[in-house]
Amino acid sequence: RRWPCVDLDDRSFEDLKASLRLQVDSGFDSLTVFGLLTASSWLPDLQRTVPATRRRRVRVLLDEAHRLGLKIMIKPHIAYWGSPFAWRGEIAFDTEEQWRRFFETYERWITMVARLAKDCDAFVVGTELDRTVHRADDWRRVIAAVRSRFGGHMTYAANWTHYEQVPFWDALDVIGI
C-alpha cells in the first residue's frame, strides 16, 4: 500500500500522531504530504511563501513519519482561489515579463519547500500546471534548482488530460499523473 494522503491544515494537525500511527498500524508504509501552501488571496506576482508556523508543522510531520518508518513524498500545490484562474491548470500569462516573474517566484517558493523536504523520499516539483508545461526551459531550470536542494526521487504531477504534453519528463525520475 502506497502514498495515503494527509492534508496538513489546522484541524488535522492536532490528530497528526494518531493519524500517522493508524496508517502504520493499517499496513501503509508511505505518506504523501500536500497542502503545504494555503493562500487567502492571489498576489499579482504569484509570490509564494509558507508561513513559519506551517514550516514547523511540516517538520513535526516529517520527523514523526520518519520515526514511524514511513516513506514520504512531498506534493506542493499552488493555491489559486482568489485568482483570475478557475484552477491551477489554467495558469497562463500574456507577456514574457509575466512568465519570467511567475517562474522566478515559483522557483523561489518550490526550492524553499524542497529545502524543508530535503530528507524525504520523493518530491513533486509541480502539480497540474497544464498551461505552463510548454515552457520546457523554465521547467528544466526549476527542476535543476530543486535537484540541487533535494536528493530523493522527483516528479511532476501532470493532470491526466495533459501528461503527454510534458516535454521535460526526461529531467525527472518518475512520470506522475
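Surrounding NE2 of H153 are at most 12 heavy atoms belonging to other residues, nucleotides or ligands under 6.0 Å away. In F168, the CZ atom is crowded: over 12 heavy atoms of neighbouring residues, nucleotides or ligands sit closer than 6.0 Å.
Ion pair D63/R67 not flagged as a salt bridge, since none of the NZ, NE, NH1 or NH2 atoms sits closer than 4.0 Å to an Asp/Glu carboxylate oxygen. Electrostatic pairing of R141 and D138 counts as a salt bridge here, judged by a charged N lying under 4.0 Å from a carboxylate O.
In this structure, OG1 in T105 is found 11.5 Å from CD1 in I110, a value given to the nearest 0.5 Å. For the atom pair CD of Q23 and OG of S30, the computed distance is 10.0 Å after rounding to the nearest 0.5 Å. A distance of 9.0 Å separates CG in L61 from OG in S19, rounded to the nearest 0.5 Å. L129 CG to H162 NE2: the interatomic distance, rounded to the nearest 0.5 Å, is 11.5 Å.
Scanning all heavy atoms of the two residues, the minimum distance from S148 to A145 falls at OG-O, 2.7 Å. Minimum heavy-atom separation, F102 to T132: CE2-CG2, 4.2 Å. For the residue pair F123 and P76, the shortest heavy atom distance occurs at CZ-CG, 3.9 Å. In this structure, E128 and A158 approach most closely via the heavy-atom pair CG-C, 4.4 Å. For the pair L68 and R21, the tightest heavy-atom approach, listed with the atom from each and the gap, is CD2-NH2, 2.7 Å. The heavy-atom pair separating V146 from A114 by the smallest distance is CG1-CB, 3.8 Å.
Under a hydrophobic-cluster definition in which Ile, Leu, Val, Met, Phe, Trp and Tyr are linked whenever side-chain heavy atoms come within less than 4.5 Å, directly or via other members, V24 and L22 are assigned to different clusters. Both I143 and I177 are members of a single hydrophobic cluster when ILVMFWY side chains are connected at heavy-atom separations under 4.5 Å. Hydrophobic clustering (side-chain heavy atoms under 4.5 Å, transitive across Ile, Leu, Val, Met, Phe, Trp, Tyr) keeps W160 apart from V174. Hydrophobic clustering of Ile, Leu, Val, Met, Phe, Trp and Tyr side chains at less than 4.5 Å, counting indirect connections, unites L20 with V60.
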Exercise for the section: Before giving the answer on side chain to side chain contact (heavy atoms under 4.5 Å, CB included), spell out for W169 and T155 the whole-Å C-alpha distance, their side-chain angles and the decisive distance to 0.1 Å. Expected result: CA-CA 8 Å; W169 287 128; T155 191; 4.1 Å; yes

- request: Given ring pair (Phe, Tyr, Trp, His ring centres under 6.0 Å), test Y106 with W139 step by step and report yes or no.
  value: CA-CA 10 Å; Y106 186 82; W139 274 110; 5.5 Å; yes

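Side-chain atoms of R115 do not come within 3.5 Å of backbone N or O of R149 as any donor-acceptor pair. With hydrogens and angles ignored, the 3.5 Å screen pairs a side-chain donor or acceptor of D121 with a backbone N or O of I72.
Side-chain atoms of V124 and T32, non-hydrogen and from C-beta on, never get closer than 4.5 Å to each other. Residues D173 and M154 form a side-chain contact, since some pair of their non-hydrogen atoms from C-beta on lies under 4.5 Å apart. Between Y156 and T127, the closest side-chain pair of non-hydrogen atoms is not below 4.5 Å. With contacts defined as side-chain heavy-atom distances shorter than 4.5 Å, the pair V166/I175 does not qualify. Looking only at side-chain heavy atoms (C-beta outward), T95 and R101 stay at 4.5 Å or farther from each other.
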